[in-house]
Participant: 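Structure provided below as structure tokens; questions to follow.
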Amino acid sequence: MRISQRQQKNSDSYPITMDSTIIINFHGGIISPGNLYNILVAATKARIQFVRFGLRQQLFFDTTSYHITLCTDELDRLGIDYEVDTAHFPNIISSYPAEEIFIRNTWLTGGVYKDVLDAINFKPSFKVNICDSDQSFTPMLTGNINWIASPNAEHYWHLIIRFPKTNVTYQWTELCYTNHIARVTKDLETIINSHPAEFIDNKAASGEALFALLNQENLILRPAENAVSLSSFNLPYYEGLNRYNNKYWLGIYCRDELFSTAFLKKLCQLCLYTKLGQLCCTPWKTIIVKGIDENHSNLWNALLEEFQLNMRHAANELNFQVEDNCTEGLELKNYLVKHLSIDDTRTSGICFGIKTRKKSEIFSSILIRKRHLVNLAGLKLFPVYDLLCAKGFNPNERTGEVFSSGNLRFILPEQLRRAVIKFSKHRLNLVIPDQQKYIAPPEEAVQKEPEYLYQCKSCLTVYNERTGEAGHNIEPGTAFADLPENYCCPLCEGKKDNFSRINRSELQLL
């Protein structure tokens with residue numbers, strides 16, 4: 001079912017379904033404010049009041065058949081690529097929107113992302129993902145050609161193929177140099193399209209056979225000593241105005257996934273006025289604006305105020321993935337979020353997915369999958385829902401188990417709550433595999449060996465070597481001396497040398 005525009009933003013119902021959907025790709029999720037403004041002007045000519053962003057970091061807007069040429073003629077004049085009601089050229093997605101704000105201390109900088117995206121100067125017919133390995137904000141394996149930056153070899157990339165129309169994956173035994181990503185992507189796409197019986201919709205597709213056909217002459221490669229390690233899922237809070245380094249970033253989420261064209265046009269104008277050359281759309285159907293100067297934060301707050309955009313929604317609402325163009329999925333999401341809130345269920349670290357179609361691609365730790373019961377005559381009866389858990393609850397893994405099947409809608413919230421409890425037990429076992437080592441030592445031993453802490457002189461934040469900082473990937477037991485030199489206070493961003501070593505009894509409190 002296609003989502004149509006709302007005539008009134010605060011209405012609970014949708015008006016008639018529009019005839020056509022226009023799709024515009026933003027490679028890597030990177031958007032030029034000037035280009036987006038021109039696109040929105042074209043949309044406005046077709047009387048389009050709301051637009052949406054998709055799971056693959058693209059833009060959707062719906063229009064009637066008798067208005068569509070007003071929009072497409074303008075897009076043609078501007079030289080903007082688009083598709084109408086088709087997705088023959090899926091967008092290239094990347095983890096660039098998370099770069100610098102959620103992903104730090106990596107060789108994969110914004111400039112490298114842009115070099116790779118610029119080099120892919122053709123329109124892939126298969127899904128291509130370009131991701132840092134140390135993140136879970138952007139799905140790594142929802143593409144057919146999945147490039148994952150090596151954490152150990154600068155400018156080299158792992159490659160995992162997921163053969164089209166299958167769940168068959170293959171990880172290449174070589175690492176590929178940055179400059180050759182575009183060539184290998186194009187060559188692999190050509191090979192797969194030239195041998196459809198072998199590599200498309202074939203559960204017996206062979207990765208060895210595919211790469212045997214790849215011309216590796218003049219490619220800079222090196223053996224992959226180890227398989228790529230898929231980072232555990234930990235979704236950062238991606239909404240609101242937040243400080244990083246000496247700048248701010250702004251994440252904007254809309255509960256109904258609809259962004260007004262009037263708001264987005266003003267947002268583009270504000271980007272240009274404050275000399276921000278880009279903004280980003282994310283796989284969570286949201287916008288991120290990076291590099292906001294502190295002196296301009298009041299202007300961004302004023303923009304949100306003008307359009308009454310709320311911030312700081314509950315985390316158990318933000319961690320859902322719903323199919324594109326799916327009112328049914330959105331309604332089910334709202335129903336489940338309501339019950340999660342009533343039960344005060346802790347959902348940190350989980351990504352929920354809602355799947356109502358057979359071929360849709362959803363990123364999830366726990367998947368809610370709709371199907372219909374079928375009678376002996378093959379007729380569809382009422383809908384039921386299955387709950388599936390990804391392997392290790394990691395949404396980047398493609399295998400898992402059925403937690404509960406055939407659930408009627410009214411018992412689905414309770415079954416989902418039980419699946420969340422199973423996740424919590426799973427993660428607890430990972431964090432505390434041997435609880436004996438956490439038993440408090442005898443009091444006598446504590447007196448002989450006093451515990452020392454490290455306290456920020458500016459804001460009095462404490463670093464405890466015993467507990468580390470899970471939110472910043474610092475393991476328990478990490479000595480303060482072993483922290484990287486660029487470590488900073490998580491509260492005030494004071495430098496490492498601004499911390500002083502103190503006895504617990506001397507601890508200063510705010």
Participant: Do Arg409's NZ or CZ and the ring of Tyr335 fall within the cation-pi criteria of under 6.0 Å and 45°?
Facilitator: yes
Participant: Would you say the rings of Tyr253 and His313 are close, in the sense that their centroids are separated by under 6.0 Å?
Facilitator: yes
Participant: Do other residues, nucleotides or ligands put more than 12 heavy atoms under 6.0 Å from Glu401 CD?
Facilitator: yes
Participant: Between the main-chain N or O of Ser404 and the side-chain N or O of Gln415, is there a donor-acceptor pair closer than 3.5 Å?
Facilitator: no
Participant: Between Arg56 and Asn129, is a side-chain contact (heavy atoms from CB on, under 4.5 Å) present by the stated rule, with each step listed?
Facilitator: CA-CA 9 Å; Arg56 292 198 65 82; Asn129 291 16; 3.0 Å; yes
Participant: Around atom NZ of Lys265, are there more than 12 heavy atoms from other residues, nucleotides or ligands closer than 6.0 Å?
Facilitator: yes
Participant: Is the shortest side-chain heavy-atom distance between Lys114 and Ile30 below 4.5 Å?
Facilitator: yes
Participant: Hey, is CZ on Arg104 packed in by over 12 heavy atoms from elsewhere, all under 6.0 Å?
Facilitator: yes
Participant: Check for a donor-acceptor pair, side chain of Asp118 on one end and backbone N or O of Asp115 on the other, with a separation under 3.5 Å.
Facilitator: no
Participant: Where do Leu108 and Ala149 come nearest, in terms of heavy atoms and distance?
Facilitator: CD2-CB, 3.8 Å
Participant: So, Asp324 and Lys285, do they make that salt bridge, N to O below 4.0 Å?
Facilitator: yes
Participant: Distance-only, no hydrogens or angles: does the Asp386 side chain make a donor-acceptor pair with backbone N or O of Gly406 under 3.5 Å?
Facilitator: yes
Participant: So, for Phe60 and Phe53, is the gap between ring centers shorter than 6.0 Å?
Facilitator: no
Participant: Do the side-chain N and O atoms of Asp62 and Thr21 include a donor-acceptor pair separated by under 3.5 angstrom?
Facilitator: yes
Participant: Any side-chain heavy atom of Ile103 within less than 4.5 Å of one from Ser95?
Facilitator: yes
Participant: Is any side-chain heavy atom of Val51 less than 4.5 Å from a side-chain heavy atom of Glu257?
Facilitator: no
Participant: Assess the side chains of Thr478 and Glu475: does a donor N or O sit below 3.5 Å from an acceptor N or O?
Facilitator: no
Participant: Please check this pair: side chain of Asn245 against backbone of Lys247, looking for a donor-acceptor N/O pair closer than 3.5 Å.
Facilitator: no
Participant: Kindly say whether the aromatic ring centers of Tyr170 and Phe163 come within a distance under 6.0 Å.
Facilitator: no
Participant: Using 0.5 Å steps for rounding, measure from the CG atom of Leu279 to the CD1 atom of Ile31.
Facilitator: 4.5 Å
Participant: Which residue is it: Glu323, Lys370, Arg369? I am looking for the one with a side chain to side chain donor-acceptor pair (under 3.5 Å) to Thr356.
Facilitator: Glu323
Participant: Could you walk me through whether Arg183 and Leu219 satisfy the side-chain contact (heavy atoms from CB on, under 4.5 Å) test, starting with their C-alpha distance in whole Å, then the side-chain angles of each, then the deciding distance to 0.1 Å, before giving a yes or no?
Facilitator: CA-CA 9 Å; Arg183 173 187 154 184; Leu219 289 177; 3.6 Å; yes
Participant: Determine whether Leu117 and Tyr96 make a side-chain contact, defined as any pair of heavy atoms from C-beta on separated by less than 4.5 Å.
Facilitator: no
Participant: Walk me through whether Tyr487 and Glu469 qualify under side-chain hydrogen bond (donor to acceptor under 3.5 Å, both in side chains).
Facilitator: CA-CA 11 Å; Tyr487 170 80; Glu469 287 180 7; 2.6 Å; yes
Participant: Step by step, work out the ring-ring contact (aromatic ring centres under 6.0 Å, His included) result for Phe50 and Phe259.
Facilitator: CA-CA 5 Å; Phe50 297 98; Phe259 290 79; 9.8 Å; no
Participant: Is the backbone of Leu412 close enough, under 3.5 Å, to the side chain of Asn407 for a donor and an acceptor to pair up by distance?
Facilitator: no
Participant: Is there a donor-acceptor contact under 3.5 Å linking the side chains of Thr178 and Trp157?
Facilitator: yes
Participant: Is it the case that the side chains of Thr190 and Asp187 hold a donor-acceptor pair, with the cut-off being a distance below 3.5 Å and no angle test?
Facilitator: no
Participant: Under a 4.5 Å cut-off applied to non-hydrogen side-chain atoms, are Ile22 and Ile68 in contact?
Facilitator: yes
Participant: Can you confirm whether His180 sits close enough to Ile220 that some side-chain heavy atom of one is under 4.5 Å from a side-chain heavy atom of the other?
Facilitator: yes
Participant: Working to the nearest 0.5 angstrom, can you tell me the gap between Leu330 CG and Asn325 CG?
Facilitator: 10.0 Å
Participant: Only one of Thr72, Asn25, Ile23, Ile39 forms a side chain to side chain contact (heavy atoms under 4.5 Å, CB included) with Tyr82, so which one is it?
Facilitator: Thr72
Participant: Look up atom CD1 in Ile354 and atom CD1 in Ile362, then write down how far apart they are to the nearest 0.5 Å.
Facilitator: 8.5 Å
Participant: Before we go on, tell me: are the rings of Tyr156 and Trp107 under 6.0 Å apart, centre to centre?
Facilitator: no
Participant: Should Leu175 and His158 count as side-chain neighbours, where that means a heavy-atom distance under 4.5 Å?
Facilitator: yes
Participant: Any donor and acceptor pair, going by atom type alone, linking the side chain of Asn242 with main-chain N or O of Gly240 inside 3.5 Å?
Facilitator: yes
Participant: Going from CZ on Phe211 to CH2 on Trp172, what distance comes out if it is rounded to the nearest 0.5 angstrom?
Facilitator: 5.5 Å
Participant: Step through the shown structure and confirm whether more than 12 heavy atoms of other residues, nucleotides or ligands are within 6.0 Å of NE2 on His88.
Facilitator: no
Participant: Does the pair Ile161 and Phe199 meet the rule for a side-chain contact (heavy atoms from CB on, under 4.5 Å), with working shown?
Facilitator: CA-CA 11 Å; Ile161 297 293; Phe199 303 123; over 6 Å; no
Participant: Tell me whether Lys186 at atom NZ has more than 12 heavy atoms from other residues, nucleotides or ligands lying less than 6.0 Å away.
Facilitator: no
Participant: Walk me through whether Gln216 and Leu221 qualify under side-chain contact (heavy atoms from CB on, under 4.5 Å).
Facilitator: CA-CA 9 Å; Gln216 299 182 23; Leu221 305 172; 3.5 Å; yes
Participant: Are Glu328 and Lys333 within salt-bridge range, i.e. N to O under 4.0 Å?
Facilitator: no
Participant: Pick out which of Thr282, Thr142, Val128, Ile130 makes a side chain to side chain contact (heavy atoms under 4.5 Å, CB included) with Ile93.
Facilitator: Thr142
Participant: What's the spacing between Asp81 CG and Phe89 CZ if we round to 0.5 Å?
Facilitator: 9.0 Å
Participant: Within the distance-only criterion (no hydrogens, no angle test), does the side chain of Arg52 pair as donor or acceptor with the backbone N or O of Leu258 below 3.5 angstrom?
Facilitator: no
Participant: What I want to check is whether the side chains of Gln321 and Ser364 have a donor and an acceptor closer together than 3.5 Å.
Facilitator: no
Participant: Find the distance between NE2 (His27) and OG (Ser94) and round it off to the nearest 0.5 Å.
Facilitator: 11.0 Å
Participant: Should the pair Glu74-Arg77 be classified as a salt bridge under the 4.0 Å nitrogen-to-oxygen rule?
Facilitator: yes
Participant: Do Asn234 and Ser136 get their side chains close enough for a donor-acceptor pair, meaning under 3.5 Å?
Facilitator: no
Participant: Between Glu397 (side chain) and Lys391 (backbone), is there a donor-acceptor pair under 3.5 Å?
Facilitator: no
Participant: Does the side chain of Leu367 reach to within under 4.5 Å of the side chain of Phe352, using non-hydrogen atoms?
Facilitator: no
Participant: Counting N and O atoms only, with roles assigned by atom type, does the side chain of His67 sit under 3.5 Å from a partner on the main chain of Thr63, one being a donor and the other an acceptor?
Facilitator: no
Participant: Thr347 side chain to Ile350 main-chain N or O, any donor-acceptor pair under 3.5 Å?
Facilitator: no
Participant: Check this for me, if you would: do Glu99 and Lys290 make a salt bridge, where the nitrogen-to-carboxylate-oxygen distance has to be below 4.0 angstrom?
Facilitator: yes
Participant: Over 60° means perpendicular and under 30° means parallel, so tell me whether Trp249 and Phe102 are parallel, tilted or perpendicular.
Facilitator: perpendicular
Participant: Tell me whether the rings of Phe363 and Phe233 are parallel (<30°), tilted (30 to 60°) or perpendicular (>60°).
Facilitator: perpendicular
